[in-house]
Student: 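Submitted below is the structure of interest, expressed as structure tokens.
Quick note: numbers below take in every heavy atom, side chains included, and nothing from hydrogens, waters or symmetry partners. Within every chain, numbering begins at 1; the chains are lettered A, B, ... in the order of the sequence lines, protein sequences first and strands thereafter.
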There are 2 protein chains.
Amino acid sequence: MLKLSRLTDYAAVVMAQIARYPEQAHAATELAEAVQLPHPTVSKTLKMLVRAGLLESRRGSLGGYRLARPATLITASDIIGAIEGPVAMTECSHADGDCDLVATCGVADNWQRVSLAIRTLLDSVTLAHLAQESPLKLPVQLPIQSVTLASRAEI
Amino acid sequence: MLKLSRLTDYAAVVMAQIARYPEQAHAATELAEAVQLPHPTVSKTLKMLVRAGLLESRRGSLGGYRLARPATLITASDIIGAIEGPVAMTECSHADGDCDLVATCGVADNWQRVSLAIRTLLDSVTLAHLAQESPLKLPVQLPIQSVTLASRAEI
DNA sequence: TCTATTGAGGACCATTTTAGTCCCCTATCG
DNA sequence: CGATAGGGGACTAAAATGGTCCTCAATAGA
Ligand code: SF4
Ligand code: SF4
């Protein structure tokens, strides 16, 4: 399905929630309630987001979480990367990807391009976009510039 | 990581292999050898691809697999869909998606759009593209048309 | 200073998904 | 007929995922 993990989804939801009131600090408990998710789980994702540098935290009373930078500078890639690691469709399309087949499978190169395209797409979607309530605005619109295949006939 | 399952990757590799010699039938054993993967595994993915209507099979001696339609008409989405089900980033972005949070999480709508964008992107990549040996051709190029945010300042 | 609050870190377990194997049946060709 | 393919599906092992919990550290304010 090429699906986000559930935690990643939670992360996005929580980030969006914070993004809607960027000024104030949000306690984990408060967020968990707002989003209707169990507190420990929310807490876990928050910690991950902090470690990835997307959130800043403050302990103690009056503490909580807030965005590390403006919502317009946080991308979907960032959020996904924070939870599941850098976006990459295949083993071979990220840094320490080591697939035995690189030599024989003729598709590595092209998958990497597709992967890159998706990454770019996700880079262009910011938290501000995601958090936006107003639904009907077609945030991301293709067309993707189509490909010119040299020898389509031959294949 | 937003990664393809390994089987999906295999499927792509195998499909590409077939696509390079579309005329002849390919036995599972032959393919397994060409791709350097265990036979049972390859066989499994082949069966899935048949069930999804991307390959046609013929039993008996001289049997084997061949493409059900030209490589230019088989998309990456098709292949992914055949193995892991339809492309959808979040629970809510495919048909029988039932997520309890739809009401409270303010991001469902926007994720669905992103999901759609990716699906469209993958629809535009054909097996012919993937199978192509020649590497350096930037098969898919963004730009994606960027978004106009109504009230960026306010967020 | 003391205490209540709130996050950090990490161990831990249950469940699900994924990957891979195997066996037995059916179709086709010669 | 018999040799060569694929079809279906059960089954297992291993890994990823989701979720919980407990203890420690920082901060604010009485
Ligand atoms: S594309 Fe080829 S090399 Fe890259 S991961 Fe898949 S099989 Fe390995
Ligand atoms: S986006 Fe909102 S509704 Fe869609 S799956 Fe994630 S949480 Fe559920």
Student: Tell me what A28(A) touches on the nucleic acid: a base, only sugar-phosphate, or nothing, going by heavy atoms under 4.0 Å.
Tutor: sugar-phosphate

Student: dT4(D) phosphate, OP1 or OP2: any side-chain N/O from R58(B) under 4.0 angstrom?
Tutor: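 So the side chain of R58(B) is outside the cut-off, no N or O lying under 4.0 Å from OP1 or OP2 of dT4(D).
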
Student: Judged by modelled atom types alone, do S77(A) and D123(A) share a side-chain donor-acceptor pair under 3.5 Å?
Tutor: yes

Student: Between Q36(B) and T104(A), is any side-chain donor less than 3.5 angstrom from a side-chain acceptor?
Tutor: no

Student: L62(A) has a side chain; which of dG7(C), dG6(D), dG29(D) sits nearest to it?
Tutor: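 Selected nucleotide (nearest to the side chain): dG29(D).
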
Student: When you measure from the side chain of T120(B) to the backbone N and O of L116(B), does any donor-acceptor pair fall under 3.5 Å?
Tutor: yes

Student: Any ion pair linking E91(A) and K3(B) (charged N to carboxylate O, less than 4.0 Å)?
Tutor: yes

Student: Could you tell me the separation between the CG atom of L49(B) and the P atom of dG6(D), rounded to a whole number of Å?
Tutor: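 The answer, rounded to whole Å, is 13 Å.
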
Student: What's the separation between atom NE2 in H26(A) and atom OG in S57(A), rounded to the nearest 0.5 Å?
Tutor: 13.5 Å

Student: Are S57(A) and dA8(C) close enough that a side-chain N or O sits under 4.0 Å from OP1 or OP2?
Tutor: yes

Student: Looking at CD of Q17(B) and OH of Y65(B), how far apart are the two atoms once the value is rounded to the nearest 0.5 Å?
Tutor: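 Nearest 0.5 Å value for the CD-OH distance: 15.0 Å.
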
Student: When the distance from CG of L31(B) to C1' of dG6(D) is rounded to whole Å, what number comes out?
Tutor: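 These atoms are roughly 13 Å apart.
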
Student: M1(B) has an atom CE; how far is it from atom P of dT18(C), in whole Å?
Tutor: 14 Å

Student: If a protein heavy atom is under 4.0 Å from the base, mark B; if only from the sugar-phosphate, S; if neither, -; do that for nucleotides 14-25 of chain D going 5' to 3'.
Tutor: ----SBB----B

Student: Specify the separation, in whole Å, of atom CG of L46(A) and atom P of dG9(C).
Tutor: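 The answer, rounded to whole Å, is 13 Å.
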
